[in-house]
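Reviewing the structure listed below.
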Amino acid sequence: MKDQLQRLLETAIDRLRRQGLLPEQVRVPVRVDRARDSAHGDFASNIALMLAKAAGMPPKKLAERIVAAMPKDPSVRRVEIAGPGFINFFLDPAAQFAIVRRVLEERERFGHSDIGRGRRIHIEFVSANPTGPLHVGHGRGAAYGASVANLLAAAGFQVHREYYVNDAGRQMDILTVSIWLRYLERCGELVPFPASGYRGDYVRDIAARLYRQMGDAYRRPAESVLEGLPPDAPEGDKERYIDALIDRARKLLGEQAYEAIFRTGLEAILADIREDLEAFGVCYDRWFSERDLVQSGRVEQALALLDRGGWLYRKEGAIWFAAGRLGDEKDRVVVRENGQITYFASDIAYHLDKLERGFDHLIDVWGADHHGYVPRLKAAIQALGADPERLEVRLVQFAVLYRGREKVPMSTRAGEFVTLRQLREEVGRDAARFFYVMRKPEQHMDFDLELAVSQSNDNPVYYVQYAHARVCSVFRQLAEKGWQRDVAQGMDALTRLTEPHEQALLATLARYPETVERAALQREPHQLTHYLRELAGEFHTYYNAHTFLVEDAPLRNARLNLIDAVRQTIANGLGLLDVSAPESM
RNA sequence: GCGCCCGUAGCUCAACCGGAUAGAGCAUCGGCCUUCUAAGCCGAGGGUUGCAGGUUCGAUUCCUGCCGGGCGUGCCA
């Protein structure tokens with residue numbers, strides 16, 4: 001409909017242009033928006049205001065000319081010029097009813113479109129280090145990424161979801177050593193736990209399992225572990241200490257045993273994360289291993305490519321990438337003085353790999369604390385010879401947790417964080433998923449656990465689900481009263497839906513496809529949650545104001561078709577958020 | 001210091017690439033259950049959109065400065 005009106009206006013403007021009333025050069029895209037106020041009709045365009053200056057004509061006068069030059073259209077009942085020069089369209093009411101037919105024909109496809117034209121989009125999200133269970137901070141990225149992916153798929157993009165597993169690097173070594181030390185404790189060896197080790201209970205659990213499987217096989221005397229190590233914090237440097245401890249573990253255990261403990265930890269944690277996300281409704285097409293990337297030599301290949309382009313140089317024993325020449329604050333190290341590649345280096349290789357896999361567009365969803373990382377990665381992509389615009393980084397602000405007034409500290413190391421699993425068990429998947437995406441991603445979010453945990457009615461997800469359940473309940477009542485639903489009769493009687501509540505619902509239903517489209521293109525799932533709340537609200541109002549199961553069969557069937565369309569739309573919308581649409585509550 | 005994000009009703013947030021009278025929920029107050037689920041509905045009050053300028057026919061939206069909050073500024077990941 002919107003497009004149709006746009007074409008009418010474009011035709012009119014073309015005509016004026018040919019008559020010489022409008023200068024040829026000025027090209028302003030013609031936009032038609034839904035009117036916010038029904039007094040302004042169904043749709044409105046500000047085109048006359050935009051072109052007034054160029055035309056050298058008062059906007060109202062220009063609007064009149066445009067309207068006069070516009071072709072007739074049967075679905076437009078009336079056109080008005082209002083305010084400073086808006087062109088308001090009033091649609092023929094009959095055109096509004098068509099939406100019910102459309103929803104019930106398209107069913108779960110309603111709201112899908114092909115604006116993506118099958119373009120391939122790669123979306124990477126969560127990608128938390130496999131050094132511990134996901135905590136509540138990861139939840140927002142998970143809910144956001146998964147919802148955006150669903151929206152894009154609905155908009156006709158071919159979406160590939162990926163989790164980048166940082167299973168290489170120092171953090172994993174720290175985890176390995178942490179597990180081993182807990183294991184030694186289990187064996188009865190007295191080794192103090194390092195200040196920067198992972199303290200969570202899950203480390204003990206993994207160590208306990210390791211002990212059950214392997215017995216004393218990895219036991220080494222405490223003295224041999226501690227002998228000659230530099231002091232740990234607070235007297236010494238905890239980073240130096242943990243590095244020395246890692247080296248010691250490697251020596252005492254040998255590569256094979258060390259690797260076995262590493263594997264045990266990685267697999268246990270990855271399995272946990274995978275299961276956790278799955279229960280959260282988040283699925284991936286691929287779990288991409290950083291280790292595989294490193295071991296296959298692709299990091300060297302990527303660095304070689306940069307080197308050929310003249311982007312690498314050696315300084316103070318390290319190898320640097322000249323990110324400063326491509327908009328970053330300064331140059332960045334890719335290979336450390338000790339010969340180890342940095343996280344950044346493997347990330348360059350990873351993104352090169354994504355680009356080479358032929359995706360038209362890459363979306364990375366990161367926590368906002370990584371924002372400083374964006375320019376250097378964009379610089380790398382440019383240096384690799386690709387258009388940096390192909391990478392889009394979406395920064396999601398952290399959800400700050402509160403228990404009532406009290407701010408909840410969150411640190412993976414401290415081991416006192418709230419896990420995503422705990423949150424899910426307390427408030428349920430539906431509430432958590434919906435809650436997380438209710439705000440726009442760049443907005444800071446206060447997540448009051450007490451409120452979310454309280455199962456109170458404040459949570460909007462229940463409100464939307466309840467609307468769905470209510471429709472289902474009406475259909476159960478229909479059967480109990482011994483009535484048969486007659487869809488065809490209802491369609492023929494749609495013109496009976498003249499109540500203001502019904503008109504409002506029709507208009508809101510018609511907005512669903514464009515809401516999904518916009519939410520997808522702008523990567524803003526919160527637009528969908530707000531829409532669903534509005535649709536549910538209008539339904540509840542309607543429900544209270546009118547009885548659906550009336551004696552008048554054509555009217556009854558028309559209303560049933562309308563509320564069935566509402567139900568379908570709610571189900572579709574919740575589906576995109578991976579929130580269930582219960583038939584009863 | 002520099003960089004990024006944010007500042008809208010008592011609280012949590014919307015506001016469709018700048019549009020018409022800035023909207024919801026919660027909380028507060030007052031009503032509605034013999035009739036399709038009251039997890040609901042109806043009504044009332046509540047605003048100098050952090051402050052000061054600028055651009056524009058029009059600014060919560062764009063620009064500049066200031067104030068306040070968060071984050072970043074590693075040969076960490």
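In the text below, chain A, chain B and the rest are named by the order of the sequence lines, each starting its count at 1. Everything numeric here is computed off the predicted structure, so don't read it as measured data.
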5'-most by nearest nucleotide on RNA chain B - A:Arg332 or A:Asn88: A:Asn88
In terms of the angle between their ring planes, are A:Trp320 and A:Tyr313 parallel, tilted or perpendicular, with boundaries placed at 30° and 60°? parallel
What is the nucleic acid contact for A:Thr541, judged by heavy atoms within less than 4.0 Å: base, sugar-phosphate only, or nothing? sugar-phosphate
With sugar-phosphate taken as primed atoms, P, OP1 and OP2 and all else as base, the protein-contact string of nucleotides 6-12 of chain B at under 4.0 Å (heavy atoms; B, S, -) is S-----S
Taking pairs as Watson-Crick (N1-N3 plus N6-O4 or O6-N4) or G-U wobble (N1-O2 and O6-N3), each distance under 3.5 Å, the stems of three or more consecutive pairs with RNA chain B are B:1-7 with B:67-73, B:10-13 with B:23-26, B:28-32 with B:40-44, B:50-54 with B:62-66
With a 4.0 Å cut-off on heavy atoms, is A:His370 in touch with a base, just the backbone sugar-phosphate, or nothing at all? base
Classify A:Ala39 by what it touches in the nucleic acid, base, sugar-phosphate, or nothing, heavy-atom distance under 4.0 Å. nothing
Answer with base, sugar-phosphate or nothing: what part of the nucleic acid does A:Glu316 contact at a heavy-atom distance below 4.0 Å? base
List, one per line, each side-chain donor-acceptor pair under 3.5 Å for residues 535-544 of chain A, sequence neighbours excluded.
unit_1	atom_1	unit_2	atom_2	d
A:Glu538	OE1	A:Thr508	OG1	2.5
A:Glu538	OE2	A:Thr508	OG1	3.3
A:His540	ND1	A:Arg470	NH1	3.1
A:His540	NE2	A:Tyr463	O	3.2
A:Thr541	OG1	A:Gly537	O	3.0
A:Tyr542	OH	A:Glu502	OE2	2.7
A:Asn544	ND2	A:His540	O	2.9

Mind telling me whether A:Tyr512 and A:Tyr531 have parallel, tilted or perpendicular rings, with 30° and 60° as the class edges? tilted
Check whether A:Asp42 reaches the backbone of A:Leu91 with its side chain - one donor and one acceptor, N or O, closer than 3.5 Å. yes
Which part of the nucleic acid does A:Thr515 contact within heavy-atom distance under 4.0 Å: base, sugar-phosphate only, or nothing? nothing
With a centroid cutoff of 5.5 Å and a plane-angle limit of 30°, would you call A:Tyr463 stacked on B:A39? no
Identify, between A:Glu583 and A:His501, the residue whose nearest nucleotide on RNA chain B lies closer to the 5' end. A:Glu583
Show me the protein contacts with nucleotides 28-32 of chain B, counting only N or O atoms at under 3.5 Å.
none

Specify the glycosidic conformation (syn or anti) of B:C33, with syn defined as within 90° of 0. syn
Scan residues 553-566 of chain A against RNA chain B and write down, sorted by residue number, each residue with any heavy atom closer than 4.0 Å; if none is found, say none. none
Please list all pairs passing the salt bridge (charged side-chain N to carboxylate O under 4.0 Å, His left out) test where one or both residues lie in residues 321-341 of chain A, with sequence neighbours left out. A:Asp328-A:Arg332
At 4.0 Å (heavy atoms only), tell me whether A:Tyr543 reaches a base, stays on the sugar-phosphate, or touches nothing. base
